[in-house]
Amino acid sequence: MTSSGDIDSTIPADTDPSAGNDIKFVKIISAEGHSFFIPRDIACSGSTTMAAMLRGGEDDDGAEAYRFVEGREGVVRLPDIRCRIVEKICQYLMYKSQYSHSNERIPDFVIEPEISLELLLASNYLDC
């Protein structure tokens, strides 16, 4: 995301799991196929559902193993959530991360009335 709150359309270099690096960003894909990138730690700390999808566990040998394909690929597909709603969720996750430990006055997080119901359903699903 950019500092103005808009989603940055550039693709972070460290999102490719085949590069052998830990994936630092998560790619979230909306119903229309639009992609949004947010830091993996923010996605996991802000959404219980995404954390469950992205976090791995240990296999029988003690090596790290991912339970879901999302964890291996670093991609979360949300085929039932529209682009506008996914964008607002990403904005909220960044907002929550920025202001969660703030001692200053926290600015309002503006939600347009026309998307409020759909956003409520999506945030309930994602538990964020």
Side-chain angles (χ1 to χ4, degrees):
M1 295 189 63
T2 62
S3 60
S4 64
D6 296 329
I7 300 296
D8 188 356
S9 62
T10 58
I11 298 173
D14 52 0
T15 58
D16 183 12
S18 64
N21 303 347
D22 289 334
I23 302 171
K24 294 181 181 148
F25 285 83
V26 174
K27 179 179 181 181
I28 302 173
I29 303 175
S30 71
E32 298 89 345
H34 294 274
S35 299
F36 300 89
F37 293 88
I38 62 171
R40 185 184 189 107
D41 59 333
I42 291 175
C44 289
S45 65
S47 168
T48 307
T49 303
M50 281 198 267
M53 292 177 180
L54 294 167
R55 289 199 174 128
E58 291 185 357
D59 63 11
D60 295 335
D61 299 330
E64 185 173 331
Y66 292 103
R67 291 178 217 146
F68 300 107
V69 69
E70 290 86 358
R72 285 190 304 275
E73 295 178 354
V75 176
V76 174
R77 290 170 183 79
L78 301 173
D80 297 326
I81 303 177
R82 293 184 313 127
C83 175
R84 186 171 180 193
I85 303 304
V86 173
E87 179 180 22
K88 199 65 166 180
I89 287 169
C90 290
Q91 289 172 353
Y92 175 73
L93 292 174
M94 298 298 288
Y95 169 90
K96 183 178 177 181
S97 172
Q98 181 178 357
Y99 294 109
S100 63
H101 300 293
S102 177
N103 293 330
E104 300 174 9
R105 183 182 181 285
I106 299 173
D108 292 336
F109 184 77
V110 180
I111 298 173
E112 299 81 15
E114 59 271 10
I115 66 166
S116 60
L117 180 60
E118 194 173 356
L119 185 61
L120 176 67
L121 294 172
S123 64
N124 185 46
Y125 167 71
L126 294 171
D127 197 15
C128 58

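This is a predicted model, so every value here is computed, not measured.
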Looking only at non-hydrogen atoms, find the nearest pair between I106 and Y95 and report the distance. CG2-OH, 3.0 Å

Which atom pair, heavy atoms only, marks the closest approach of A31 to P79? CB-O, 3.2 Å

Cluster overlap I42 with Y99, hydrophobic side-chain contacts below 4.5 Å: yes

Closest heavy-atom pair and its distance - C90, F36: SG-CB, 3.8 Å

Atom pair CG/CG of L121 and D80 - distance to nearest 0.5 Å: 11.5 Å

Taking all non-hydrogen atoms of both residues, which atom of A43 and which atom of M50 are closest, and how far apart? O-CB, 4.0 Å

Taking S116 for its side chain and P113 for its backbone only, find out whether a donor-acceptor pair lies under 3.5 Å. yes

List for me each residue that meets side chain to side chain donor-acceptor pair (under 3.5 Å) alongside S30, sequence neighbours excluded, and say none if there are none. E32

Side-chain touch Y125/L78, heavy atoms, less than 4.5 angstrom: yes

Using the salt bridge (Lys or Arg N to Asp or Glu O under 4.0 Å) rule, collect all pairs that involve residues 114-128, keeping only residues at least two apart or in two chains. R82-E118, R84-E114

In this structure, are over 12 heavy atoms from other groups packed under 6.0 Å from F109 atom CZ? yes

Measuring from R77:CZ to S35:OG, what's the distance to the nearest 0.5 Å? 9.0 Å

For E70 and V75, work out which heavy atoms get closest and say how close. CG-O, 3.0 Å

Side-chain ion pair, K27 and E73, N-O less than 4.0 Å: no

Given V76, which of L54, I29, V86 fulfils the side-chain contact (heavy atoms from CB on, under 4.5 Å) condition? L54

Can you pull out every salt bridge (Lys or Arg N to Asp or Glu O under 4.0 Å) where at least one residue sits in residues 89-100? Sequence neighbours excluded, please. none

Using only atom types and a distance under 3.5 Å, with no angle test, would you say the side chain of S47 pairs donor to acceptor with the backbone of C44? no

Say you draw a straight line from CG of D41 to CG of L93; how long is it, rounded to the nearest 0.5 Å? 11.0 Å

Interatomic distance, I115 atom CD1 to E87 atom CD [nearest 0.5 angstrom]: 9.0 Å

Would you give the length of the straight line joining atom CG of N124 to atom OG1 of T49, rounded to the nearest 0.5 angstrom? 8.5 Å

When rounded to the nearest 0.5 angstrom, what is the spacing between CG in L126 and CD1 in I85? 11.0 Å

